[in-house]
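Have a look at the structure below before the remarks.
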There are 2 protein chains.
Amino acid sequence: MTRIDCKRCAELLSESDNYLILTHRNPDGDTLGSAFALHRALAAAGKKSTVRCIDEIHPKYEYLWEGAACGDIEFEKIIAVDIADRKLLGEEFDKLYGDNVFICIDHHMSNREYAENLLLEDCAATAEIIYGVITSMGVEIDSGIASCIYTGLATDTGCFMFSNTTPSTHRIAAEMMEKGADYITINRIMFETKTMSYLRLEQMAVSSTEIHFGGRCAVMTITQEMFRKSGSNESECDGIASIPRKIEGVMIGATLRERNDGSYKVSLRTVEPYDAAKICARLGGGGHSRAAGCEFNCSLDNAKAILLETIKAELK
Amino acid sequence: MTRIDCKRCAELLSESDNYLILTHRNPDGDTLGSAFALHRALAAAGKKSTVRCIDEIHPKYEYLWEGAACGDIEFEKIIAVDIADRKLLGEEFDKLYGDNVFICIDHHMSNREYAENLLLEDCAATAEIIYGVITSMGVEIDSGIASCIYTGLATDTGCFMFSNTTPSTHRIAAEMMEKGADYITINRIMFETKTMSYLRLEQMAVSSTEIHFGGRCAVMTITQEMFRKSGSNESECDGIASIPRKIEGVMIGATLRERNDGSYKVSLRTVEPYDAAKICARLGGGGHSRAAGCEFNCSLDNAKAILLETIKAELK
C-alpha cells in the first residue's frame, strides 16, 4: 500500500462518485467529525456518500449530520477515517469491508497501512488532515463542515490542552470559528456536560484508584458492575481515562476498563519522557506517545500485575 | 482619562525608564502572565521594572519570573494590568498607588477608567492586549515572554473552552507556541493537575448532589467534615462549583460550602436564560449573570430550603 498526500487523496476522491465512509468502533469526536466533514465536502463536490459505524453513535453528536443526513447508497469505494487498524472497524465490519478499504486517512503512529494511506502522524487529529483534503478538493468550507472539523480538533486535544496540540491545530480552529463552527455549543456539549450517571461512575472509578511506585503511577479500574450501578456506559467515558494521569506527581496513569466479555481494555496516559505507545507495544497494543492502549484477556488481578510490571520496568 | 491603543501605549512606555507593574489581588494566570510578559519586554527594551501584588502568588506560577526576577527599584511610573477597578489592587495598594496609576491595560467591560486606558473588551485575556503592546514596542518575543502570554490566554479561556475565546486568541496561542512557550508544562500545571485529596473531596461532593425540579436544578454540598476526611482545602476548590451546572439538563447549579464558622457560602451557576445574579440578589448576594453567590447563616437544611424556594420561583 502506498503513502499519499492530501493533494493525491483529493485526486483519488475525484475519480469516483459514491463513497462509503467508515469510522472506528466506539466512535469519538475525531472519527465522527472527520467522517461527516468528508461526507459534507463530497456532497458539495457533487458526490454521494454515507457514513457507517459498527457501534451506535451517541445522540450528542447529532449536529454533525444535521442537514446532511446519510441514506443508504450503492457505493463504489470505501474510505476509513481515523482507523489505525482494520480491527478497529469492529469484527463484522472488518469482515464486510476490511479487505476493500480504498483510502485510509489517519494520524496514528501505529497505523497498519492497510490501504492507500494518507497518514500524517504530526497532526493532533484526523480532522486536521481532512481539512487539508477538503482544501485540496477545492471545496469551500461552510459552517457545517467547520463544526465537524472543529469537533475533531477539540475532542482529540482535550480542547487544545493535550501535548499533541500544535500551532497548526490552533490556526485551523481559528479558521473554523471564522467559517461558522458553533464552537460555544460544541464545547458545552463535549466538555461541559456530564450525565449524573457518568458522575457516579467517575466517583466509583476514582475510589478504585491505586497509587504505585512512590506516586509516579496511578491505576484506575472501571468494572461492569460500576457501569451497572452507576447507570453509565462506555459511550459516556471518552475523557475518563485521563483522570489517573492528572493526579499530582503521576507520570504514568492507567485505566483498566472491563468489557462485556470480561476482557480488559487498558488506556495509558503518560507525561514526558514516558512513552505510552512503547509500553503498550510491549503488551501487544499501540497508540500515541502520550496516549496509548492495549488489551488483556485474563483476570483483573493478573492484568494489573502484568501492567504494573511493565510500567515498573519503564519507570526505572 | 483618555483611551489609548497599543501603539500609543508603546510610545508612552518608551518615555520613562523605570516602571512598577501591578496585578490584581487574588492573582490569576492572566494578571500575572500579563505583568511578567510586560516586565520581560521592558527589560528587553533596556528598561527596569518590578511586579507587585498585594496577595501572595501561588508557587505554581514560578516559571513566569524564572530568569527575570524582579528586585526593588525606584520607579517613575505605574502600570496596572488586568485591573478593572482600583479597589482590586487591594486596600493597602489602592491607598499607596491607586491615585497614581499611569496606564491601565485591561479587557473587562466593567473597567472604571482610572488611568490612561488601553481597554479592549473583545480580547479574551489581557495577555492578548499585552501581545499587541509588545509587538508595538518592537520587542522580539522570546520563549519567556511567550510562556507568560500563553498563560494569560489559556487561563482566562479555560484552555480555549469558554465562549470568550476568539480566532485571534487561537492565532496568538499558535504564535506563542512557535516562539517557545512551554505550553505542555503550562497546561499540565494549570489544567491537568489535581491532588488526590481534591479528587477525594470531589467524589464526596458529587455523592452529596441532589437533583430537583425535574432535573433542571442540582444542589451540591461541601461540608467541613468532607474537607477533613479528604485532606483537601478551600485553595484547591477553584473549579468545583461548576460541577452541578455541568450535569445534563441542569439549568441552575448550586454549591453550598460550609465555612469554619458553620455558615454556608453559596455559589450559583446558570445556563441562559437563568440569571444567577438576580437569584442571588434576592438572597442578599450578587455577581455575574452566569455565576453569582450569596451566604446563609443558618442550618444546612434551612439554607437549602430557602435556596430551593428561590430557585423554584425563578424556574417557573
Side-chain angles (χ1 to χ4, degrees), chain A residues 60 153-154 157-179 181 183-200 202-207 209 211 215 218 220 236 242-250 269 271-272 290, chain B residues 153-154 157-179 181 183-207 209-211 215 218 220 236 242-250 269 271-272:
Chain A
K60 74 179 175 184
L153 301 180
T157 58
C159 211
F160 313 97
M161 194 185 293
F162 301 159
S163 57
N164 61 346
T165 311
T166 68
S168 161
T169 323
H170 278 290
R171 290 206 176 93
I172 299 173
E175 192 181 330
M176 294 308 100
M177 287 162 77
E178 283 163 349
K179 299 261 155 114
Y183 69 101
I184 295 178
T185 307
I186 297 171
N187 290 349
R188 195 175 61 230
I189 294 173
M190 295 301 152
F191 306 110
E192 296 219 272
T193 306
K194 297 181 177 192
T195 62
M196 199 60 220
S197 55
Y198 173 78
L199 281 171
R200 275 192 296 259
E202 205 179 77
Q203 197 189 314
M204 293 177 200
V206 168
S207 344
T209 303
I211 304 288
M220 187 169 87
E236 297 185 336
S242 66
I243 293 177
R245 210 249 10 241
K246 282 188 184 168
I247 299 167
E248 201 177 28
V250 167
R269 300 288 182 271
V271 173
E272 225 182 346
R290 300 284 91 80
Chain B
L153 300 180
T157 58
C159 210
F160 312 98
M161 193 185 295
F162 302 158
S163 55
N164 61 346
T165 310
T166 68
S168 161
T169 322
H170 277 288
R171 290 207 174 94
I172 299 173
E175 190 181 332
M176 294 308 102
M177 287 163 78
E178 283 164 347
K179 299 263 154 115
Y183 68 101
I184 297 177
T185 307
I186 297 170
N187 289 350
R188 196 171 65 233
I189 295 174
M190 297 300 152
F191 307 110
E192 297 218 87
T193 306
K194 295 182 176 190
T195 61
M196 199 61 218
S197 55
Y198 173 77
L199 281 171
R200 275 193 298 259
L201 179 75
E202 209 178 72
Q203 195 188 316
M204 293 176 199
V206 168
S207 347
T209 303
E210 299 168 9
I211 305 290
M220 187 170 87
E236 297 184 336
S242 66
I243 293 178
R245 205 249 15 236
K246 284 187 183 169
I247 298 168
E248 201 177 27
V250 167
R269 301 286 182 270
V271 173
E272 228 180 343

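Proteins get letters first, then strands, A, B, ... in listed order; numbering begins at 1 in each. Owing to the predicted nature of the structure, the values given are computational and were not obtained by experimental measurement.
The line from CG of A:L199 to NZ of B:K246 is 9.0 Å long, rounded to the nearest 0.5 Å. With values rounded to the nearest 0.5 angstrom, B:R188 atom CZ is found 8.5 Å from A:E272 atom CD. Remark: A:Q203 CD to B:T209 OG1 distance equals 8.0 Å, nearest 0.5 Å.
B:A174 and A:P167 get closest at one heavy-atom pair: CB-O, 3.5 Å. Taking each heavy atom of B:N187 and A:M161 in turn, the nearest pair found is ND2-O, 3.0 Å.
Residue B:S168: no heavy atom, backbone or side chain, is found under 4.5 Å from chain A. Of the two parts of A:T169, neither the backbone nor the side chain holds a non-hydrogen atom closer than 4.5 Å to a non-hydrogen atom of chain B. When heavy atoms are compared at a cutoff of 4.5 Å, A:I211 approaches chain B solely by way of its side chain, counted from C-beta outward. Using a 4.5 Å cut-off between heavy atoms, A:F160 contacts chain B through both its backbone and its side chain. Contact of A:I247 with chain B is made through backbone and side chain together, with heavy-atom distances under 4.5 Å.
Counting heavy-atom pairs closer than 4.5 Å to chain B, the top-ranked of the candidates A:K194, A:R200, A:M196 is A:K194. Interface remark: of the candidates A:G215, A:S163, A:G158, A:S163 forms the most heavy-atom pairs closer than 4.5 Å to chain B. Note on B:V271, B:T165, B:V250, B:T185: by heavy-atom pairs under 4.5 Å with chain A, the leading option is B:T165.
Here B:R171 pairs with A:E178 in a salt bridge; the nearest charged N to carboxylate O distance falls below 4.0 Å.
Contact check for B:E202 versus A:V206: no side-chain heavy atoms found under the 4.5 Å cut-off. In this structure the side chain of A:E192 reaches within 4.5 angstrom of the side chain of B:R245, judged on heavy atoms.
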